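Below is one structure, written out as structure tokens; comments come after it.
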Amino acid sequence: MARDVQTAPDGTPARIAGRLVLWRRMGGLVFGHIQDRSGRVQISLAKNDLGEETFKAWHSSAKVGDFVGVTGTVYTTRRGERTVGASDFTVLNKAVRALPDKWHGIADVETRYRRRYLDLLANPESRERFQARSRVISRIRRFLDEADFLEIETPILTEAASGAAARPFVTRHNALGEDFYLRISPETYLKRVVAGSFDRVYEIGRNFRNEGIDPSHLQEFTMLEWYAAYWDYRDNMSFVRELVLAVLDDVFGTRCVTYEGVKLDFGADWPVVDYREAVAQRTGVDLRVVRDFETLKEKCAQLGLDVTKAASYAGLVDLLYKKTVRPELIQPCFLVGHPVELVPLARRNDDDPTRLDMFQVVVNGWEIVKAYSELVDPVDQRVRLEEQADLRAAGDDETMMLEEDFIEAMEYGMPPMSGLGLGIDRFVALLTDAPTLRDVVLFPSMRGAKGPEADSRAASTDEGEGEGTRPEAAGVPDI
RNA sequence: GGGCCGUUAGCUCAAUUGGCAGAGCAGCCGGCUUUUAACCGGCGAGUUCAGGGUUCGAGUCCCUGACGGCCCA
């Protein structure tokens, strides 16, 4: 690899392959740079070594963008750059399109998302960000594996969208003649597995939420969720902090990161902020007293919030918190004591049944982690989910659907447990100073390209015979 | 859904009040034996996002649409 050449002593035989990214001729000597997964390395072709014929044939056979293989010997140039002096040179495959500008790379945001390969090959910071993402995820896996968690996979195509408050995507199963929902959360399946004896499990996988496109939302995003029997939410508070610090130490080598100019210190203590106290301090609205929809709606309206779309008490609480408290939570902190209405799957506090045994980790105004002691009482669970069904019937389309099998699993008995969800995309964006979540996803969802470009693509698809390619495959999938 | 901004050569970007659409890189030709975004000389390169309108004349002004970005809901 390129990296190996950088550390090899002069005289070392070398054999490398990669994409030719720079190529310049100086009379009888040609220099180029080859790029591979480890970085770049310089190569050279010398007329004196190769003879006139070979020299000319080789240097004129390649241009920037081609993939080449080089065999030779490592030496150091006058300017001190380690270089492979070629004794053999092969063009492995040609590029027929010009590469992006060798200095500026790809600046157009749309091109970077739609044709990520160009972004990756031309912009090193993009390559580094996706490498970091991969290392974060593997460090998380190792941390959980070492804590005796079992990695499992649960359905993405589900009969009921559950485990979160969000609108799902709907898709059609042709043979069954039924609609399925792309999961919005794996939560209820993971709990069913805990009931089935695997009492420490986790899943890292894609969730889908039918929301608008903006810098802080993805339609498909990667979530880590784990469940541990016999833990409560406080166990998860200390455990997740250890995990975050392990990722920072081992992947980034620092506990401080700078996000858009703001220094975030994960190494300091994470203060515990009480949800209802914070709301009361910031707005004067005490959620321990204001417990009905109409009164809270009035209070929110007085504060100047747009309450026209709020459909439930929980929706208003969420709106109030998100508009007032959350933007001020910059340094990592634990937010605790959420009102019981917010999460129908979380356990009530024993001493105060109006609050949940729950916490979130908030950093830079973003919720990175949500966790709670799980509700394992099938009677309370049924009541709480039926309340969701009532809200849905009243027109709130971001409520949770009731899954009979989930409650039945609970009726067979579930151990007390605490689960935790961590948004991988947000976490990686924070750690890599990515201005939008689309920068940490290789191929973010985009509106289907229309116009001449799409027309020509459709035409070429029609010409391709025998591949079974349906014309609509290039466009927006049917729903 | 609303507001604002953007879209010009393969890439990065210019183009004054509405007056011949340009540069650098990339490409092609030539020069140059230790370069570093190499350099020097020459050449070719356009549906100015699409469609319509105003005008003697539109990249530029007006309208509609597509895609993207930012902000708001």
Side-chain angles (χ1 to χ4, degrees), chain A residues 2 6 10 19-35 39-52 54-56 58-66 72-86 94-124 210-217 260 300-301 304-311 315 318-319 322-323 327 434-439 444-458 475-476:
Chain A
Q6 305 297 350
D10 285 1
R19 190 192 285 270
L20 197 57
V21 290
L22 291 171
W23 196 228
R24 48 187 178 270
R25 183 180 169 194
M26 286 193 41
L29 191 58
V30 173
F31 288 101
H33 278 89
I34 281 182
Q35 180 167 295
R40 290 182 176 188
V41 67
Q42 181 162 268
I43 62 163
S44 68
L45 306 180
K47 194 196 281 183
N48 283 354
D49 298 341
L50 303 171
E52 177 122 24
T54 305
F55 173 75
K56 190 177 177 189
W58 286 358
H59 89 247
S60 61
S61 68
K63 66 172 189 177
V64 167
D66 296 346
T73 306
V74 175
Y75 73 102
T76 304
T77 63
R78 275 180 207 162
R79 299 287 187 91
E81 178 155 2
R82 207 58 57 97
T83 302
V84 178
K94 301 288 292 177
V96 297
R97 290 181 189 263
L99 254 48
D101 190 280
K102 66 186 177 187
W103 184 245
H104 298 96
I106 289 282
D108 181 63
V109 179
E110 185 174 353
T111 304
R112 288 181 43 220
Y113 297 154
R114 287 192 194 274
R115 289 188 279 183
R116 183 67 85 180
Y117 48 92
L118 293 178
D119 177 44
L120 288 171
L121 74 88
N123 297 334
N210 212 335
E211 294 168 341
I213 296 182
D214 71 58
S216 61
H217 287 90
E260 300 209 305
C300 288
L305 300 176
D306 178 7
V307 295
T308 51
K309 280 196 284 189
D318 194 48
L319 176 72
K322 281 180 176 165
K323 287 294 168 193
T436 99
L437 292 185
R438 291 194 283 278
D439 287 332
S445 303
M446 302 284 279
R447 195 184 294 269
K450 298 226 172 77
E453 206 178 325
D455 290 347
S456 68
R457 238 181 304 167
V476 179

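Here is the naming used below: chain letters follow the sequence lines, and residue numbers restart at 1 for every chain. Note that this is a predicted model, so its numbers are computed, not measured.
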Could you walk me through whether A:Lys63 and A:Asp66 pass salt bridge (Lys or Arg N to Asp or Glu O under 4.0 Å), step by step?
CA-CA 6 Å; A:Lys63 66 172 189 177; A:Asp66 296 346; 5.9 Å; no

Same-atom distance (C1') from B:rG10 to B:rG27, integer angstrom
9 Å

Measuring only the P atom in each nucleotide, how far is B:rC40 from B:rG24? A whole number of Å is fine.
10 Å

Distance, C1' atom - from B:rU7 to B:rU48, rounded to whole angstrom
9 Å

Separation of B:rA38 atom P from A:Ile43 atom CD1, nearest Å, is 13 Å

Taking B:rC71 as the reference, what is the distance to B:rA21 when you measure between their P atoms (whole Å, please)?
39 Å

A:Asp10 CG to B:rU34 P: how many Å, rounded?
17 Å

Taken to the nearest whole Å, CG/A:Leu305 to P/B:rC72 is 14 Å

Report all interatomic pairs (protein N or O, nucleotide N or O of nucleotides 22-25 of chain B) with separations under 3.5 Å.
| residue | atom | partner | partner atom | Å |
| --- | --- | --- | --- | --- |
| B:rG24 | N2 | A:Asp101 | OD2 | 2.9 |
| B:rC25 | O3' | A:Lys102 | NZ | 3.2 |

Nucleotide nearest A:Thr436 (side chain, heavy atoms from C-beta), chosen from B:rU12, B:rC70, B:rU35:
B:rC70

Could you summarise the pairing of RNA chain B as dot-bracket text, marking Watson-Crick and G-U pairs under 3.5 Å with ( ) or [ ] inside the strand and | across strands?
(((((((..((((.....[..)))).(((((.......))))).....(((((..]....)))))))))))).

With respect to the side chain of A:Arg438, which nucleotide from B:rC70, B:rU35, B:rC67 is positioned closest?
B:rC70

Between B:rA9 and B:rC28, how far apart are the two C1' atoms, rounded to whole Å?
16 Å

Sugar-phosphate only, base, or nothing, as touched by A:Leu22 at under 4.0 Å among non-hydrogen atoms:
sugar-phosphate

Between B:rA38 and B:rU33 - C1' atom distance, rounded Å
13 Å

Smallest separation among heavy atoms of A:Leu99 and A:Gly65, with atom names:
CD2-CA, 3.5 Å

Expressed as a whole number of Å, how far does the C1' atom of B:rA45 sit from that of B:rC29?
15 Å

Expressed as a whole number of Å, how far does the C1' atom of B:rA15 sit from that of B:rU60?
9 Å

Closest to the 5' end of RNA chain B, once A:Thr76 and A:Ile106 are matched to their nearest nucleotides, is A:Ile106

List the atom of A:Tyr75, the atom of A:Ser44, and the distance in Å for their closest heavy-atom pair.
OH-OG, 2.7 Å

State which of B:rC13, B:rG27, B:rU36 makes the closest approach to the side chain of A:Ala107.
B:rC13

